[in-house]
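To keep things clear, I will list the structure first and then write my remarks on it.
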Number of protein chains: 2
Amino acid sequence: MTKDKRVTSYDVAREAGVSQSAVSRVFRPGLSVSKKTREKVMTTANKMGYRPNAIARMLITKQSGMVAVIVSSRANVNYPEVLSQVSKQLAARNKRVLLFTLDNAEGGDELFEQIWTFQVDGVIALAAHFDHNSLDKFKEHKIPVVLYNRNVPDALANTVCCNHELGIKQLVNELKLNQPKNYLVISGPEDSDVATERREIALKQLEKHGEQQVSVLYGDYSYQSGRDCLAQWLKSNPAPDAIICSNDIMAVGVIDEAREHHNIDVPNDMSVVGFDGVSSSSWFNYQITTIKQPLEQLTKAAVDMLLEHIENPDSPPETRVITGTLIEGNSVKRP
Amino acid sequence: MTKDKRVTSYDVAREAGVSQSAVSRVFRPGLSVSKKTREKVMTTANKMGYRPNAIARMLITKQSGMVAVIVSSRANVNYPEVLSQVSKQLAARNKRVLLFTLDNAEGGDELFEQIWTFQVDGVIALAAHFDHNSLDKFKEHKIPVVLYNRNVPDALANTVCCNHELGIKQLVNELKLNQPKNYLVISGPEDSDVATERREIALKQLEKHGEQQVSVLYGDYSYQSGRDCLAQWLKSNPAPDAIICSNDIMAVGVIDEAREHHNIDVPNDMSVVGFDGVSSSSWFNYQITTIKQPLEQLTKAAVDMLLEHIENPDSPPETRVITGTLIEGNSVKRP
DNA sequence: GTGAAAGCGCTAACAG
DNA sequence: CTGTTAGCGCTTTCAC
């Protein structure tokens with residue numbers, strides 16, 4: 001019963017008294033096989049426990065059916081959920097996720113070689129930093145790449161991202177309600193493209209509103225860094241009227257630090273906004289005013305776009321921007 | 001420059017004036033090749049941008065170098081982090097993660113077929129429910145499987161798990177400090193093995209202590225379900241003295257619900273404990289007394305175990321239990 | 001140490 | 001509709 005070797009299409013063919021290619025045909029969807037042959041093959045295949053070998057198929061079709069997904073080790077907090085969404089979306093399109101973690105330490109070169117080796121059909125990058133160099137390599141080798149939530153200036157890459165511009169504009173409008181004088185921007189790490197974008201937009205918006213007193217500090221997206229930034233700031237400055245954080249988790253840290261160690265009331269003494277709309281942002285103690293990223297639509301767009309470019313490798317780069325929704329929480333002072 | 005075809009070992013061989021097998025040898029670590037040949041091959045390979053085709057290698061060696069990792073769609077909150085840890089650990093051992101999401105809807109049979117097809121070297125299951133049937137199939141086909149945080153009664157599977165027994169004993173001891181009279185256990189979903197284990201251990205411990213007034217409610221590990229369970233309970237019952245939650249996130253929900261809608265002070269009116277030690281459990285407003293799972297050690301153990309069983313397919317099933325650490329927060333009343 | 005040759009298990013023309 | 005045939009790109013004996 002339990003053969004040590006895996007059963008191959010030849011074994012099935014022999015047993016069923018047909019040719020090997022007949023077996024192959026039965027297992028390729030949409031190929032014409034007579035009902036009789038199909039049944040004969042299917043029953044013996046099932047009896048023998050035969051399943052086609054995907055590796056062999058990949059080798060001959062030059063289509064691995066695998067998509068490399070790159071996640072940064074220091075990933076933004078909601079990437080995990082993004083990952084499982086992407087995986088499900090791809091599975092529905094009959095593709096699998098081959099996971100790669102980008103340790104910021106080692107270069108993207110090594111990563112590229114790895115991925116290239118596996119003949120993946122495409123790449124989705126959720127990583128913090130994915131440099132131009134690697135991007136060019138993939139392009140050169142005609143491997144479609146979709147960047148998730150990353151705006152590449154020259155727009156020579158496929159990108160799906162949340163509408164940061166609009167979102168942050170809305171957040172700033174919320175903050176303006178009570179006409180704050182001093183602003184603090186707590187940005188994500190300097191080497192994160194998303195962080196850079198969110199920070200720069202925030203600064204631009206504030207400037208447009210004629211705000212003069214704006215400072216910037218850098219965290220690393222973590223709760224603790226939110227706390228640390230505020231604590232450090234307060235060592236030599238008064239509490240700002242409004243804080244714009246590059247993500248919700250740092251906003252939570254800021255709020256906790258304010259309340260625990262500095263006796264600052266949020267939102268009455270200080271307004272705080274975040275970004276992402278992660279679940280904890282709406283917990284009773286925080287209720288952060290933030291922009292909720294439409295995860296499902298973002299991931300769906302990313303997968304759709306990737307598949308289109310796999311089908312049609314020469315279609316030009318594309319950017320899809322999806323609008324998030326403003327969550328009016330209770331972390332911003334109202335007039 | 002940009003050839004449309006991928007360059008193969010034959011191309012390199014021709015260019016370098018050696019045989020194809022020489023090229024192959026150069027790219028297999030630990031094979032004897034003369035220094036001269038090696039250099040010649042390496043330089044032309046680099047010049048031509050050659051990298052061995054992993055798919056072809058898989059086909060001939062019958063080792064895909066891929067490990068299937070199964071995650072449940074309704075995954076416990078800290079699985080994401082587990083996933084990236086596992087991925088990194090495996091990468092260090094030169095294996096890649098092929099991701100599968102188990103939608104509780106479709107059966108494990110379909111999933112098995114999928115995985116089998118890809119000739120993976122092994123499987124790590126982080127899924128909520130992975131039935132005996134599938135387990136047997138993998139065993140029958142000699143694919144090593146490691147279950148993460150799941151105790152299978154008959155111990156016929158490889159398992160790595162946190163020491164739930166000890167952890168919950170410690171939590172109950174903490175609760176006992178103030179001699180509560182009424183206990184409420186808020187369990188994870190009924191079809192989750194981890195939830196079942198944690199719940200049953202809790203009930204056993206309470207019984208051992210002679211506690212009479214113990215009730216059980218079922219959530220789904222989510223924040224909202226924690227809130228809902230408490231709200232529902234309070235409709236027809238007084239607040240319990242102590243609540244044991246199957247994970248931290250539900251404990252957070254319980255605490256928020258108590259404070260927001262029922263004017264119950266935690267810990268003074270009601271003690272709450274969680275499990276997992278996720279980062280938000282230590283946030284200022286919660287500081288939940290919980291058991292912190294040693295994630296890194298757990299994942300390392302899982303990967304080690306899997307690789308041992310890949311090397312030695314006939315070694316008997318094994319269970320590795322790793323002790324978590326009690327975090328004494330501020331959610332339990334002290335005498 | 002090196003090259004020739006035989007596949008791994010499958011798909012995809014191509015005749016029949 | 002079916003069988004024959006020729007590979008996909010690599011690893012691995014086996015002579016030399």
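Residue numbers start from 1 in every chain, and the chains themselves are labelled A, B, ... in the order their sequence lines are given, proteins ahead of strands. Keep in mind that what you see is a predicted model, and the values were worked out from it rather than measured.
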Axis-to-axis angle for the helix from C/dG1-D/dC16 to C/dG16-D/dC1, ends of five pairs each, to 10°, equals 30°
Is there a donor-acceptor contact under 3.5 Å from the side chain of A/D11 to the main chain of A/T8? yes
If only atom types and distance count, is the side chain of A/S87 paired as donor or acceptor with the main-chain N or O of A/L83 below 3.5 Å? no
Using modelled atom types only, decide if a donor and an acceptor are shared between the side chain of B/D121 and the backbone of B/V67 within a distance under 3.5 Å. no
Please tabulate, for the side chains in residues 297-304 of chain A, all donor-acceptor contacts under 3.5 angstrom to protein atoms that are two or more places apart in sequence or on a different chain.
from: A/T299; atom 1: OG1; to: A/L295; atom 2: O; distance (Å): 3.1
from: A/T299; atom 1: OG1; to: A/E296; atom 2: O; distance (Å): 2.9
from: A/K300; atom 1: NZ; to: A/D304; atom 2: OD2; distance (Å): 2.9
from: A/D304; atom 1: OD1; to: A/R93; atom 2: NH2; distance (Å): 2.6

Do side-chain atoms of A/T43 reach the backbone of A/E39 as a donor and acceptor pair under 3.5 angstrom? yes
For A/T37, all residues meeting side chain to side chain contact (heavy atoms under 4.5 Å, CB included), sequence neighbours excluded: A/V18, A/A22, A/V33, A/S34, A/V41
Applying side chain to side chain donor-acceptor pair (under 3.5 Å), can you list everything that pairs with B/S315, at least two apart in sequence or on another chain? B/H309
Summarise how protein sits on nucleotides 8-16 of chain D as a single string, 5' to 3': B when a protein heavy atom is under 4.0 Å from the base, S for sugar-phosphate-only contact, - for no contact. BBBBBB---
5' to 3' contact window, DNA chain C with chain B (heavy-atom distance under 4.0 Å): C/dG1 to C/dG9
At what distance, to the nearest 0.5 angstrom, does CD of A/E197 lie from OG of A/S192? 9.5 Å
Does B/N94 reach the main-chain N or O of B/G65 with its side chain, forming a donor-acceptor pair under 3.5 Å? no
With A/T319 as partner, the option from A/L147, A/N158, A/T159 fulfilling side chain to side chain contact (heavy atoms under 4.5 Å, CB included) is A/T159
